[in-house]
Amino acid sequence: MSKNAFIRCRKLTKIYRKGRIEVTPLEDLTLDVEAGDFLALMGPSGSGKTTLLNLIAGIDQPSSGDLFVGDNEISRMSRGQLTKWRASGCGYIFQLYHLVPILSAFENVELPLLLQSGLSRSKRRAKVTSALELVGLSDRADHRPSELSGGQEQRVAIARALVADPPLLVADEPTGDLDRESADQILGLLAELANEHGKTIVMVTHDARAANAAARTLHLEKGKLVEQREELGA
Ligand SMILES: Nc1ncnc2c1ncn2[C@@H]1O[C@H](COP(=O)(O)OP(=O)(O)OP(=O)(O)O)[C@@H](O)[C@H]1O
Ligand SMILES: [Mg+2]
């Protein structure tokens, strides 16, 4: 266990209460993820994968335990602080892209930057342009989501997650709705972002092929983590 890991979960517990029903998808979970690591998270439906992603991304708050991302003590932050941190601290990639249908690819990617004050229009333009370039979609900037393939939509969504240059990306089944070829493109892109751009990536997947693209795979079972494989020299 490393003291300096980028993501550090200690005895992380999440309990959901709805009326008289109580669900504990995560219990006393301990996890370290090093900076620049590409981690795949697998496990049966309902095992708490999305719950864990949402905690790491600061979308949801733990019931108890500690969670650090870099120097940020995520588990102690208020909702307002989390919202602020997320804007440039973490990009989220969804299975179904979640692009705004009436906006162009360019405008979708620009959205997170509009939340940052003091960024000039030309600075925004430069950031969006380089994010679209990075995902190989410079020539589709003016297309709306309905004018793009699923794989292209997901690449726009990745550009949107990247545009504020967060050190951390989380992805919930990012290839779950794609054919094999598009899925491989997305996985190649994520691996490149980790290996060449130093992004730390946590990806939930049901697909063993997708998990193979990651340097490390963990299985979540009944709120606990089981390590599957760690690539040598990764
Ligand atoms: N907001 C919520 N309120 C109440 N219960 C919830 C909430 N979110 C998740 N749960 C419960 O927590 C458990 C874990 O859910 P989670 O979405 O993390 O599973 P998952 O591993 O992502 O599953 P899947 O592979 O189907 O996406 C489930 O039993 C679910 O019903
Ligand atoms: Mg899920």
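Atoms within a ligand are numbered from 1 in the order they appear, just like the ligands themselves. Quantities reported herein were computed from a predicted structural model and do not represent experimental measurements.
- The environment of CZ in Arg209 is crowded: more than 12 heavy-atom neighbours from other residues, nucleotides or ligands sit within 6.0 Å.
- For the Mg ion (ligand 2), the tally of protein N/O/S atoms lying closer than 2.8 Å stands at 1.
- Partner of Arg10 under the side-chain hydrogen bond (donor to acceptor under 3.5 Å, both in side chains) criterion, out of Asp32, Asp66, Asp28: Asp32 alone.
- Applying the 6.0 Å contact sphere to CG of Leu114 captures more than 12 heavy atoms from other residues, nucleotides or ligands.
- Looking at Gln154 and Gln185, their side chains never come closer than 4.5 Å, going by heavy atoms from C-beta outward.
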task = Check the pair Asp207, Arg180 against salt bridge (charged side-chain N to carboxylate O under 4.0 Å, His left out), reporting the backbone distance first and the verdict last.
result = CA-CA 11 Å; Asp207 177 5; Arg180 210 176 158 118; over 6 Å; no
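- Among pairs with a residue in residues 4-44, none fulfils ring-ring contact (aromatic ring centres under 6.0 Å, His included), at least two apart in sequence or across chains.
- Residue pairs satisfying the ring-ring contact (aromatic ring centres under 6.0 Å, His included) criterion with at least one member in residues 69-99, sequence neighbours excluded, are listed as follows: Tyr92-Phe94, Phe94-His98.
- Within 4.0 Å of ligand 1, protein heavy atoms belong to Tyr16, Val23, Pro25, Pro44, Ser45, Gly46, Ser47, Gly48, Lys49, Thr50, Thr51, Glu173, His206, listed by chain and number.
- Defined by atom type and a distance below 3.5 Å, a donor-acceptor pair is present between the side-chain atoms of Asp179 and Ser182.
- Side-chain contact, Asp172 with Thr50: a donor N or O sits under 3.5 Å from an acceptor N or O.
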